[in-house]
Amino acid sequence: MSKITPQIAPQGVPDAKTGATALGLLMPFLRPYKWPLTGGIAAMVVASSMMLAIGWGLKGIVDQGFNDGSGQVLNQALLGLFVVIVLMSFASYARFELVNRVAERVIADLRKKIYSHLMTLDGVYLDSLKTGDQVAKINADTTVLQLVITSNLPSAFRHSLMLFGGIIMLLLVSPKMTALALLAVPVVILPAVYFGRRVRAKSRETQTRIGDISAYSHETVQGLQTIQSFGYEATALKSFAQLADETYMAALRYVRVRALLTAFVIAVVFGAIGILLWAGGHKVLNGEMTGGELSAFIFYAAMVAGAVAAVSEAMSDFNRANGAADRIRQLLDSRPSVASHNTARVHFPVNRGDLRFENVSFSYPSRLESKAIDGLTLEIKGGQTVALVGPSGAGKSTLFHLLQRFYDPQQGSILIDGQSIDGFHPSDVRDCMAVVAQDPVVFSLSVAENIRLAKPDASDEDIRRVAMQAQAHDFIMDLPQGYDTLIGERGNRLSGGQRQRLAIARALLKDPRILLLDEATSALDAANEVAVHDALKTLMRGRTTLIIAHRLSTVREADMIVVLDAGKLVASGTHDSLFGSNSLYTHLAGLQIKAA
């Protein structure tokens, strides 16, 4: 067994398309909720105004309250403070409730957008994706963006209000001292911009590593029984540990840059406050300021300093979110290549079910140097049953993929009833087909819902009818909740033969014009194979059927046998005409005869 190697992106290499900002990505999703957002912004303005009012009240208390022997000013100050606190509390509640409600709704919309877009992508994109990485984009990356709405954006806006409001109040108290304080601003802003760019790059790298570890864990957990069967646990754990360490190191690089930025801002800001205290103290001693003015000035200076630090912190978070936005934008900007000719949904009329492959050549995007299909021309009459035979890698499954427009050929065309399928939306082409794979995919839904995938509006009676035809009804009724039984992830509560019968029932329910069967009875026992074979014969009657065939019994019954080798059509005909005249077919059939 070859080692499962975790695929790790090159260090420090960003996504193919970068530059997306979190706000740029989120803005279209925020627009429908402008009124709750406006309410949240208004609440933040009220809360910030109340905080600014406290500083001015502090000036009055120091200058007047301590000189008033009756304590009347202090009593009024306390009453005013309670009013401010109540207003701040209500405003904070409104801000938190409105903003977080919008955030939850926006992230839900974004996740639906990502998932919906993933459903449209084709094999050209899917060949290069890691499933766990896409899951990370839906979960981890969107969670980072959620923090933009719930925490980073409100924090940046609120502290920006405090910053500018505080500067105005500082000017009212002492313009000269304010000018001295503002000298520290460029010293903070310029390094913050430099560090911010580095934070964004390190954040994007961290999110990529999270996608790597998610992809690897998803793959190995799905194949856990295989790993355990081969005693591969220790090696898989070592590979996972390597990925975990890579993720840790990427996160550590991000943390270090962000920590440097935070430390720098704190040092400069609070150093400036120390200088202001020293200068202001001298002004009080010289009679140029009152004690109340100095108290208010230091209060507002501390507020401005805290706001600068908070805005810098928020900018770091924005840069991290921008890294996540880059990854999501790259996904959303991906377009399905097979739908490029015609993205509109129109009915694809299929009457006879004639198929024609005209000089078709195709290479998978990940293997462009080798042709999976090489100059193939093949005509199949409507209603014919055609068996595709050939060694592994001959191109049998590739023909199924091309016929369903999971890919488009680089050369040649495929026609159904004389119409080229590349002029129609892939979904419309697939509407006239049903597939039963050798290893069918079932989902963690109920039995009935797995069958109903082929026809969402099918009645319970329809489900039972096709289940009986597929010889699935009896084992379904033996399940704890019958047709309502949940069958687990990837159908792990069913046997291979049971899963295959569900897939056959699904194809029977769709009642298509064209059938694609990948040795659909291979996982059934002898008794059920006969019954299902009879059901398939009924379904196949009058329909065009392509069968990827391995069993000689299946091949013999086909109207035509197509022999493929290395993507080329090497022979076609019936069993009697090919056996003995074509060396490859004779060899393949001979292996079946010896095994019988």
Side-chain angles (χ1 to χ4, degrees), residues 116-129 331-368 371-386 388 395-437 453-456 507 510-518 542-548 560 562 564 567-569 572:
S116 174
H117 189 70
L118 275 171
M119 293 296 103
T120 69
L121 298 178
D122 53 44
V124 175
Y125 180 83
L126 298 176
D127 274 352
S128 61
L129 75 75
L331 169 63
L332 294 179
D333 285 345
S334 301
R335 291 291 178 266
S337 62
V338 297
S340 60
H341 302 301
N342 186 357
T343 57
R345 294 294 306 272
V346 294
H347 177 63
F348 182 30
V350 178
N351 297 315
R352 302 180 306 277
D354 294 341
L355 301 178
R356 180 169 175 80
F357 296 83
E358 291 185 347
N359 195 29
V360 172
S361 292
F362 172 73
S363 299
Y364 284 99
S366 58
R367 305 186 297 275
L368 290 174
K371 289 187 176 182
I373 299 294
D374 188 1
L376 183 140
T377 296
L378 173 65
E379 187 166 355
I380 300 169
K381 297 296 184 182
Q384 275 191 317
T385 297
V386 176
L388 305 177
K396 303 183 294 294
S397 296
T398 301
L399 285 183
F400 277 23
H401 294 158
L402 293 174
L403 191 56
Q404 297 172 83
R405 285 207 74 197
F406 291 133
Y407 303 88
D408 277 340
Q410 284 92 14
Q411 179 183 323
S413 57
I414 301 172
L415 298 89
I416 300 179
D417 281 356
Q419 301 178 90
S420 177
I421 64 174
D422 68 1
F424 294 87
H425 193 283
S427 296
D428 293 309
V429 174
R430 295 164 197 158
D431 280 345
C432 67
M433 304 176 191
V435 183
V436 180
L453 288 174
K455 189 178 180 182
K510 191 170 186 180
D511 193 21
R513 193 69 192 84
I514 299 170
L515 285 174
L516 305 177
L517 306 178
D518 186 355
R543 292 176 171 83
T544 307
T545 304
L546 268 67
I547 306 174
I548 295 178
M560 180 170 65
V562 173
L564 300 173
K568 294 182 178 181
L569 173 63
S572 64

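A quick note: this is a predicted structure, and the numbers were derived from the prediction, not measured.
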What residues, two or more places apart in sequence or in another chain, satisfy side chain to side chain contact (heavy atoms under 4.5 Å, CB included) together with K455?
-> D457, A458, L509

Check: L516 and D518 side chains under 4.5 Å, non-hydrogen atoms = no

Rounded to the nearest 0.5 Å, how far does CZ of R356 lie from CD of Q419?
-> 15.5 Å

Not counting sequence neighbours, which residues clear side-chain hydrogen bond (donor to acceptor under 3.5 Å, both in side chains) with D354? List them please.
-> R352

Side-chain heavy-atom pair I380, L378 within 4.5 angstrom cut-off | yes

Residues in side-chain hydrogen bond (donor to acceptor under 3.5 Å, both in side chains) with T377, at least two apart?
-> none

Is the side chain of Q404 donor-acceptor paired with the backbone N or O of F400 at a distance under 3.5 Å, no angle test?
-> yes

Heavy-atom closest pair, residues L569 and L564 | CA-CD2, 4.0 Å

Write down the atom of L402, the atom of P409, and the distance for their closest heavy-atom approach.
-> CD2-N, 4.0 Å

4.5 Å side-chain heavy-atom contact, L517 and T545 = yes

Can you name the side-chain hydrogen bond (donor to acceptor under 3.5 Å, both in side chains) partners of D511, sequence neighbours left out?
-> R543

Of all the heavy-atom pairs spanning L415 and S413, show the shortest one and how long it is.
-> CD1-OG, 3.7 Å

By ring pair (Phe, Tyr, Trp, His ring centres under 6.0 Å) - contacts of F362 (at least two apart) | Y364, Y407

In short, Q410 meets S363 closest at the heavy-atom pair OE1-N, 2.7 Å

D417 side-chain N/O to G353 backbone N/O, donor-acceptor pair under 3.5 Å | yes

Interatomic distance, T398 atom OG1 to K371 atom NZ [nearest 0.5 angstrom] = 13.5 Å

Any side-chain heavy-atom pair from N359 and Q411 closer than 4.5 angstrom?
-> yes

Which residues share a side chain to side chain contact (heavy atoms under 4.5 Å, CB included) with A434, sequence neighbours left out = A507, K510, P512, L515

From L355, L403, L399, residue fulfilling side chain to side chain contact (heavy atoms under 4.5 Å, CB included) relative to I414 = L403

Gap between atom CG of D408 and atom NE2 of H401 - 0.5 Å precision | 14.0 Å

Does the S361 side chain pair with the main chain of G375, one donor and one acceptor, at a distance under 3.5 Å?
-> yes

Got a donor-acceptor contact below 3.5 angstrom from the T544 side chain to the G383 backbone?
-> yes

Output, in order, the C-alpha distance, side-chain angles, deciding distance and verdict of side-chain contact (heavy atoms from CB on, under 4.5 Å) for I416 and M433.
-> CA-CA 11 Å; I416 300 179; M433 304 176 191; 3.7 Å; yes

